[in-house]
Each structure stands twice: as C-alpha cells, then as structure tokens.
Amino acid sequence: MSAHRRVAFAGTRLVPVCAALALLAACTQSGDFGRPRTSVWNGLIDTTGSFSTHDRGRLLLDTGLTDDEQALRDRAWRFVQPASSYTAFQDVLLGLASAHTMPPTWRFDEIGAYYDALTGEPSRSPVSRYRQLGDDATADARLIPLFTALAARVIDADAARLRSLPFAKTLDAADVRDAAQRVAENRCLIAWVRVEAGQRLARYRFALEHLFAAAPAQESVSAERALMMLAARRNLLDPLLPADAAARCGLEAAPLPVAQAGPRVVKD
C-alpha cells in the first residue's frame with residue numbers, strides 16, 4: 001500500500017472516531033465537586049438514544065462490568081425488581097439507557113398497592129400490620145447508604161473514563177460509543193433506584209395514614225419513625241444526579257416547558 005493510500009485510509013478511519021469523541025469532549029467540563037455539568041450529562045444520555053440495536057446490546061452481552069458496576073446492579077435489582085429475573089432487569093436497564101423508555105408491560109406499583117397487600121389478610125391484627133410496615137420501611141432505609149456510597153464510586157469512575165476518551169489514540173468509534181453507553185446505563189440505574197425509593201416512601205405513607213384512620217394504635221409511632229428514617233436516607237440519593245435524570249432516562253414524564261403547559265383556571 002502506497003504512503004498516500006495509507007494516509008487516506010487512516011484519515012477515513014479517524015473520521016467516525018473524532019465525531020464520537022466530539023460528542024464526549026464536553027464531558028471533561030466539570031461542575032461542582034468535579035461532576036460533569038448537568039447539560040453535559042443530559043447530552044450524553046440523549047446521544048446514547050441514537051445508537052443502533054447492535055450497539056445497544058453489545059455492552060451488556062460482550063463487555064465485563066467493573067466490580068463496583070456489578071455490585072451496583074446486584075443491589076439495584078434486589079431493590080427495584082426483586083420478583084423478576086436478573087435477565088429481565090438487564091433488559092429494562094438497557095432500554096432505559098438506549099431508548100429512554102420502559103417496556104410497555106412494565107409499570108410502577110400504584111400508590112395503594114402496598115396497603116392492599118398489607119391488609120389482604122383479614123386475620124392479621126392492626127398491631128402486626130403496623131410492625132410489618134415499620135420493618136419494611138426500616139429494611140429499605142438500611143439499603144440506601146450502602147447503595148449511595150457504591151453509586152458515588154461508580155460516578156467518579158465514569159467521570160475519569162469520560163475525561164480520558166478525548167486523549168485515547170487507539171479507540172475506534174464503537175469503543176467510544178460503548179463507553180458512553182456504559183455511563184448512560186450506570187446513570188439511569190441510579191435514577192431508577194432514586195425514583196423507586198421515593199415511590200416506596202409514598203406507598204408506605206399511604207398505608208400508614210389509611211391504617212391509622214381505620215385502627216389507631218400506639219404501634220403507629222414506631223412505623224412513623226421508620227418512615228422518617230427512610231425519608232432522610234432517600235435524600236442521600238438526590239445529589240448524585242441532576243434533578244431531571246429520571247425524565248431523561250424515560251422513568252417519568254419530563255415537565256412541559258411553560259409555553260406548552262396546560263391552561264390555568266382563570267376567573268371570568
């Protein structure tokens with residue numbers, strides 16, 4: 001191969017790589033505490049939505065996770081989908097990161113679902129129901145600090161990964177897309193746990209209020225304390241990601257811009 005042809009071939013090969021790196025170059029810009037700025041993170045999530053089906057599946061199937069990433073997924077799976085298989089959990093996560101949507105058959109539990117299950121056995125006494133509620137809320141609260149610490153380490157590692165990409169000389173476009181996809185998966189997983197923790201708190205609160213209205217009891221005090229503990233620890237998840245992370249991952253509807261918001265009620 002002539003020197004001219006080798007140069008032309010190298011230039012052709014570098015074009016997609018440079019284009020992919022350009023999408024991630026802004027990720028070297030940091031916000032508070034060294035985290036990527038909100039707009040940078042949003043752009044990364046939006047970018048992964050344009051990947052092909054092949055690219056979306058490559059990362060989970062062919063590339064190993066770090067120890068922290070695997071532990072993050074194991075803890076999240078037990079929290080958000082304990083009744084589902086790990087494969088089903090992976091499929092949902094992949095859809096969140098690449099297509100920004102949940103499967104059509106997947107739904108968050110209704111706010112009254114926990115209360116319905118708690119009161120589904122008429123033979124249970126109000127005291128045992130309060131104790132079960134308190135035990136469940138306490139168990140969830142104890143999971144959050146460990147998950148938060150693990151998520152923070154994954155986020156720091158992802159930031160280092162993204163900062164390195166613009167300087168890497170041997171990565172092709174697929175390698176860069178895989179790295180971006182992995183970061184998007186990690187972020188959407190953390191956002192999913194944050195949403196679920198908030199919904200758990202809302203379901204527990206609903207159950208406690210309805211239990212007390214039906215059968216006031218002293219045991220409600222312990223249950224209330226458990227909910228306060230869960231609420232405080234759920235707040236540990238907030239600083240990890242931008243406020244709109246869940247909407248960008250397809251976990252909840254994004255708020256409408258003011259110009260598109262529905263009409264307010266006005267007096268004649």
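For this chain, numbers begin at 1 and follow the sequence in order.
Closest non-hydrogen pair, Val195 versus Ala246, comes out as CG2-CB, 3.5 Å. Summarising the geometry of Arg73 relative to Glu185, their closest heavy-atom pair is NH2-OE1, 3.5 Å, with the distance given to 0.1 Å. Closest non-hydrogen pair, Gly134 versus Ala226, comes out as O-CB, 3.5 Å. Nearest heavy atom pair, residue Tyr114 against residue Ala207, reads CD2-CB, 3.7 Å. Counting all heavy atoms, side chain and backbone alike, Leu133 lies closest to Ala223 at CD2-CB, 4.2 Å. When all heavy atoms are compared, the tightest approach of Ala137 to Leu227 is CB-CD1, 3.8 Å.
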- request: Show your working on side chain to side chain contact (heavy atoms under 4.5 Å, CB included) between Asn186 and Arg161 and close with a plain yes or no.
  value: CA-CA 13 Å; Asn186 292 338; Arg161 172 187 284 152; 4.3 Å; yes
Candidate pair Leu65 and Leu72, rule side chain to side chain contact (heavy atoms under 4.5 Å, CB included), full reasoning: CA-CA 10 Å; Leu65 299 166; Leu72 189 77; over 6 Å; no
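Summarising the geometry, atom CG belonging to Leu236 is positioned 8.0 Å from atom CZ belonging to Arg233; distances are rounded to the nearest 0.5 Å. Taking CG from Leu165 and CG from Leu171, the interatomic distance works out to 6.5 Å, rounded to the nearest 0.5 Å. Distance check: Leu118 CG to Leu211 CG gives 5.5 Å after rounding to the nearest 0.5 Å. With rounding to the nearest 0.5 angstrom, the CG atom of Asn235 is 11.0 Å from the CZ atom of Arg194.
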Side-chain donor-acceptor contacts of residues 140-151 below 3.5 Å, not counting sequence neighbours, with atom names and distances?
from: Asp140; atom 1: OD1; to: Arg200; atom 2: NH1; distance (Å): 3.0
from: Asp140; atom 1: OD2; to: Arg200; atom 2: NH1; distance (Å): 2.9
from: Asp140; atom 1: OD2; to: Tyr204; atom 2: OH; distance (Å): 2.6
from: Thr148; atom 1: OG1; to: Ile144; atom 2: O; distance (Å): 2.8

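For the pair Val154/Thr66, no side-chain contact is recorded, criterion being any heavy-atom separation below 4.5 Å from C-beta on. Residues Leu208 and Tyr130 form a side-chain contact, since some pair of their non-hydrogen atoms from C-beta on lies under 4.5 Å apart. The closest side-chain heavy-atom distance from Phe89 to Leu189 is below 4.5 Å. The shortest side-chain heavy-atom distance between Val183 and Arg187 falls under the 4.5 Å cut-off. Side chains of Val193 and Val80 form a contact here, defined as non-hydrogen atoms less than 4.5 Å apart.
Residues Ile111 and Phe212 are members of one and the same hydrophobic cluster, defined by side-chain heavy-atom contacts under 4.5 angstrom among Ile, Leu, Val, Met, Phe, Trp and Tyr. No chain of hydrophobic side-chain contacts below 4.5 Å, direct or via other Ile, Leu, Val, Met, Phe, Trp or Tyr residues, connects Met229 to Leu201.
A donor-acceptor contact shorter than 3.5 Å is absent between the side chain of Arg248 and the backbone of Pro242.
The pair Arg203-Glu196 meets the salt-bridge criterion, since a charged nitrogen lies less than 4.0 angstrom from a carboxylate oxygen.
Applying the side chain to side chain donor-acceptor pair (under 3.5 Å) test between Arg153 and each of Asp68, Asp67, Asp158 identifies Asp68 as the sole match.
For the side-chain hydrogen bond (donor to acceptor under 3.5 Å, both in side chains) condition, the pairs that include at least one residue of residues 205-221, sequence neighbours left out, are Arg205-Glu224.
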